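Please read all numbers here as calculations on a predicted model, not as lab measurements. Numbers restart at 1 for each chain; the letters A, B, ... are given by sequence-line order, proteins then strands.
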Number of protein chains: 2
Amino acid sequence: MALIGQPDVKQAGEVRPEKVTAATQVYGALRQDILKGILKPGQKLQIDQVAARYGAGANPVREALNRLSSEHLVDRHDQRGFFVPQLSLESLRELVKTRCWLESKALEESIANRTQAWEDNIVLAFHRLSRTRIRLPEEGGDNSEWEVRHRAFHNALIAACGSSWLIGFCNEMMDHAERYRYVSMTTTYPRRDSDEEHRLIMEAALDGDVELAKQRLTDQYKLTLRHLEEEQIDGGSE
Amino acid sequence: MALIGQPDVKQAGEVRPEKVTAATQVYGALRQDILKGILKPGQKLQIDQVAARYGAGANPVREALNRLSSEHLVDRHDQRGFFVPQLSLESLRELVKTRCWLESKALEESIANRTQAWEDNIVLAFHRLSRTRIRLPEEGGDNSEWEVRHRAFHNALIAACGSSWLIGFCNEMMDHAERYRYVSMTTTYPRRDSDEEHRLIMEAALDGDVELAKQRLTDQYKLTLRHLEEEQIDGGSE
DNA sequence: TAAGGCAAAAATGTAGATTATATCTTCGGT
DNA sequence: ACCGAAGATATAATCTACATTTTTGCCTTA
């Protein structure tokens, strides 16, 4: 129905600042702590403890945990409670394999739909990433800034793929990959030469060389996997 | 209580049947009602009403809604409540496109990893599907049995792809596709000739003809999309 | 018509009751 | 004494009832 000049239209894009609830805050905090490995794989997330930790009541905590359980960032067992999921080399391999499949496809589509804005964003994201120094353990070892930019770069690559589903799936997997990186961060750091690899991916993408770009992207993931395989990252299961 | 002759032995390594909580029951019920279109797209899910409907308290309902929100089966707005997501032709197109991409890939991998058991399950699933009659509106129009078997068939095809991530993503999208089918069920029914299409997909897959199988699979999805496009399924947004 | 102000409605959160699970203890048989 | 079953206690998850906070709808006023 064409509503000409309707006064208080609720436009789809209207942004009313949504006041965040306690549940949402706990959700965000828990998410970070799980991704960063502060909460250990296998650990039980007891309601009372979590509530105390984040200064919230049992219900908001419970809601947050329920959300996270649907993202597979916590395991839920009825009447038994919530747990931080275990990590394993085997599931990491499956994760990387699937990332290669899906991000390749997303990159391919993105290149097919390339626009000026897409290219610009990639260049920008790369620039920011390459200017972020990797901090070694001696320096405090907080690489969360790098993680954020790293993720932004990979997101920029696939942003034009034309499927919010696919972007969502890739992001979900990025979350989990990030957790593996953080948990093994005690021993492994982002490689110094990753900048160069990212540059190569970017260049192939901007050149419109689909096959080369996909190749370089998946090579990078596989290389990172190999590095992690060399460590024992079986999340405390032994 | 104590059922004589049926003592609840706890065998070693036994998988103890998890007693379902109220939250989980509501979750399942809500999920079904949303997928089947009983709860209309765009509709507000008021806590009290939902609680009354399923005979539960506010908290279990809230937990169920939080889980569903992470699956994109309900929209959540802090302090504003929960809603059944809208449907639109545009997002259906994106959904179908993404399904084609991912299920093609999954099918390809499945065929590459084919085993006897995989083939058997496909044959079995096809048999069951083909023996399920489609009920027209006059006959009550409940095609949930068909939906279950239809889904089982497509799952059997991709079961050997080697990635639980990919299988999960495909299933998530199947849920949403199912909702589109149910909502437009007033006018559209599973096509009579879909049996034949499924047979062709199965045959190509069992023959190990990757390209043909993928082609037939995606053709089917695109054909179904075209059928739905001919209807107005824009969930009451106008 | 537009802004401001209320009151009702609804979402969210708290506290404590209830129920299930896990743990510990006891008892009978070997 | 040792093992396992049965029962009792402690712990923790879950749920209910109600308090608090925010939003929504409506009415008044400029």
Return the value, rounded to whole Å, for the distance between atom [atom1] of [X] and atom [atom2] of [N].
X: Lys19(A); N: dT20(D); atom1: NZ; atom2: P; answer: 18 Å
X: Asp78(B); N: dA10(C); atom1: CG; atom2: P; answer: 19 Å
X: Gln79(A); N: dT19(C); atom1: CD; atom2: C1'; answer: 7 Å
X: His77(A); N: dT21(C); atom1: NE2; atom2: P; answer: 13 Å
X: Arg80(A); N: dT19(C); atom1: CZ; atom2: P; answer: 18 Å
X: Gln46(B); N: dA8(C); atom1: CD; atom2: P; answer: 17 Å
X: Ile47(A); N: dG13(C); atom1: CD1; atom2: C1'; answer: 15 Å
X: Leu65(B); N: dA11(C); atom1: CG; atom2: C1'; answer: 12 Å

Tell me whether the rings of Phe169(B) and Phe169(A) are parallel (<30°), tilted (30 to 60°) or perpendicular (>60°).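 Geometry flag for Phe169(A) against Phe169(B): parallel rings.
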Which sits closer to the 5' end of DNA chain C, Thr24(A) or Gln49(B), going by the nucleotide each is nearest to?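 With Thr24(A) and Gln49(B) compared, the 5'-side residue is Gln49(B).
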Provide the full list of side-chain hydrogen bond (donor to acceptor under 3.5 Å, both in side chains) pairs with a residue in residues 38-47 of chain A, sequence neighbours left out, each pair given once.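 Matches after skipping sequence neighbours: none remain.
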Regarding Ala23(A), tell me which of base, sugar-phosphate or nothing describes its non-hydrogen contacts under 4.0 Å with the strands shown.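 Sugar-phosphate only.
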Tell me every residue that passes salt bridge (charged side-chain N to carboxylate O under 4.0 Å, His left out) with Arg99(B), counting only those two or more places apart in sequence or in another chain.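 Applying salt bridge (charged side-chain N to carboxylate O under 4.0 Å, His left out) to Arg99(B) gives Glu103(B).
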Tell me if the centroids of the rings in Phe153(A) and His127(A) come within less than 6.0 Å of each other.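 Centroid separation for Phe153(A) and His127(A): 6.0 Å or greater.
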Would you mind telling me which of dC15(D), dT14(C), dA13(D) lies closest to the side-chain atoms of Lys44(A)?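 In terms of side-chain proximity for Lys44(A), the closest of dC15(D), dT14(C), dA13(D) is dA13(D).
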